[in-house]
*Asks:* 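First, the structure itself, so that you have it in front of you.
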Amino acid sequence: MKKQKSISFQSNIVALLAACCIFLSAFEYIIPKPIPFLRIGLANLPILIGITLLPFPAFLLLICMKVCFQGLIYGTFFSHIIILSAGGTFSSSIAMFFLYKFCKKYISFIGISVTGALLSNTVQLYLAGLLFFGPSVWLISPPFYIIGGIAGLLLGVFTNTFTGKSMWLTQCRELLYADNS
Amino acid sequence: MQITHKLPEIHFSPVMLFIHGFCILPAFIFQKVLLFRVFQTILFIFLSLFHASSSVDKRKQLVFSFFSFLFILVFNMLTPHGEVLFTLFNFPVTLGAINTGIFKATVFTGLLALSKITIAKNLSLPGPAGKMVSKVFYYFGELKEVQGKYKTKDIIKRIDLILLSITPPPDTGDSVPIEQKLKTSRAGILLICISLFFHWGIFILSLYIAK
């Protein structure tokens, strides 16, 4: 019974974080971009928070929902761009998840977030080269890496502060892990 | 206590509203003719007013839509591209930037209004996947409602208060609050058919215009 309650609470947390992804994606959509396809990655914030709360299957569900809903908001759901978005999100999120699980003693959220951002950019540039632009895509990589790195750094700083201060996160952790023990 | 229903709740079931919104979503998102897109956005904003609970709520909604439209437009005009229309304090105001601004502003305000029309609080889709989608939209609606409620300068505290206010207690169970099952009336079905024909009609028309 306790486990059942914990699973339902967990699914509520997944849905809440997915809703935050939609909200932040919609907010990011209105910000003009100097380079097309370039994103700050505000919607990665719920993913970074999800790492600390969710087990791997629930975390995968959150990533899938983020990709789908983001595709719907940006209007890229039925286009090739969703492949770039999915590739970047899946690779970076899974890497960030395992970095947190196995190396959290040695690396802060800043390191995790910057690694995720750089990995996401690498996978997206590789896929863009493979699908649309060819090898010359690497010529435009410097601004992508610079902006991605800065955005990753800022998101990491924010997550570090949030995870240290948040009452909500503490409460969710207590409810999720107390029921499991 | 007597429960008063809003007009959409009398004629449409939450599931039917969701299906209707989901069906017209591609006809709005992939609309390339700016004039049609603006018209669709105005229509969505007008229809979303029926979902407001009071006249104050309606006024708030209109002001929010207007200012978010204006804000996105002005913000996008800061990246000039295309033909220069005029200069304002030595800053070039370009046609390309205005078009991009209107395009993005309609997507943002239009989708917000469409989600208001489509997602009823008591929406419950069948199956585990449907249940999850219902929950996501429920929380999205809650986030939209409470985001302006907490006024504190500490952004972390503000986010924390918002999340604490919408997170359900652990014993809530697997579903979001559901009031009662409502059926779509005949007039409701007719209105949904007209809406589908209209939105897909102008979408097909836009494909001919684009050619």
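Hydrogens, waters and symmetry mates play no part in the numbers below; they use all other heavy atoms, side chains included. Just so it is clear: chains get the letters A, B, ... in the order the sequence lines come, proteins before strands, and each one is counted from 1.
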*Asks:* Just wondering, are more than 12 heavy atoms of other shown residues or ligands nearer than 6.0 Å to CZ in B/F67?
*Replies:*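 Counting neighbours around CZ of B/F67, 12 or fewer heavy atoms of other residues, nucleotides or ligands fall under 6.0 Å, so no.
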*Asks:* If we define contacts as heavy-atom pairs under 4.5 Å, which of B/V107, B/L111, B/L25 has the most with chain A?
*Replies:*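 Ranked by heavy-atom pairs under 4.5 Å with chain A, first place is B/V107.
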*Asks:* Please look at B/I162 and chain A and tell me whether the side chain, the backbone, both or neither of the residue comes under 4.5 angstrom of a heavy atom of that chain.
*Replies:*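 When you check distances to chain A, no heavy atom of B/I162 falls under 4.5 Å.
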*Asks:* Which atoms of A/I13 are under 4.5 Å from chain B, going by heavy atoms: the side chain, the backbone, both sets, or neither?
*Replies:*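 A/I13 touches chain B through side-chain heavy atoms alone.
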*Asks:* Please classify the contact between B/I72 and chain A as side chain, backbone, both or neither, with a heavy-atom cut-off of under 4.5 Å.
*Replies:*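 Interface part for B/I72: side chain.
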*Asks:* Using heavy-atom distances under 4.5 Å, tell me whether B/F137 contacts chain A through its side chain, its backbone, both, or neither.
*Replies:*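 Side chain only.
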*Asks:* Counting only heavy atoms closer than 4.5 Å, note whether B/L163 contacts chain A via side chain, backbone, both or neither.
*Replies:*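 The answer is both parts of B/L163.
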*Asks:* Do the ring planes of B/W200 and B/F203 sit parallel (below 30°), tilted (30 to 60°) or perpendicular (above 60°)?
*Replies:*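 Perpendicular.
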*Asks:* Let me know if A/C20 has heavy atoms under 4.5 Å from chain B in its side chain, its backbone, both or neither.
*Replies:*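 Backbone plus side chain of A/C20, per the 4.5 Å heavy-atom cut-off to chain B.
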*Asks:* Kindly say whether B/G110 contributes a backbone atom to a donor-acceptor pair with the side chain of B/T41 at under 3.5 angstrom?
*Replies:*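 Answer holds: no.
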*Asks:* Considering only heavy atoms, which portion of B/L161 lies under 4.5 Å from any heavy atom of chain A: side chain, backbone, both, or neither?
*Replies:*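 For B/L161, no heavy atom lies under 4.5 Å from chain A.
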*Asks:* Looking only at atom types and distance, does a side-chain atom of B/S68 sit under 3.5 Å from a main-chain N or O of B/S65, one as donor and one as acceptor?
*Replies:*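 Looks like yes, one N/O pair under 3.5 Å.
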*Asks:* So that I know where these two stand, are B/F28 and B/F44 an aromatic pair - ring centroids less than 6.0 Å apart?
*Replies:*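 Between B/F28 and B/F44, the centre distance is under 6.0 Å.
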*Asks:* Give me the ring orientation class for A/F158 and A/F162: parallel if the planes are under 30° apart, tilted from 30 to 60°, perpendicular past 60°.
*Replies:*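 If you compare the ring of A/F158 with that of A/F162, the planes turn out parallel.
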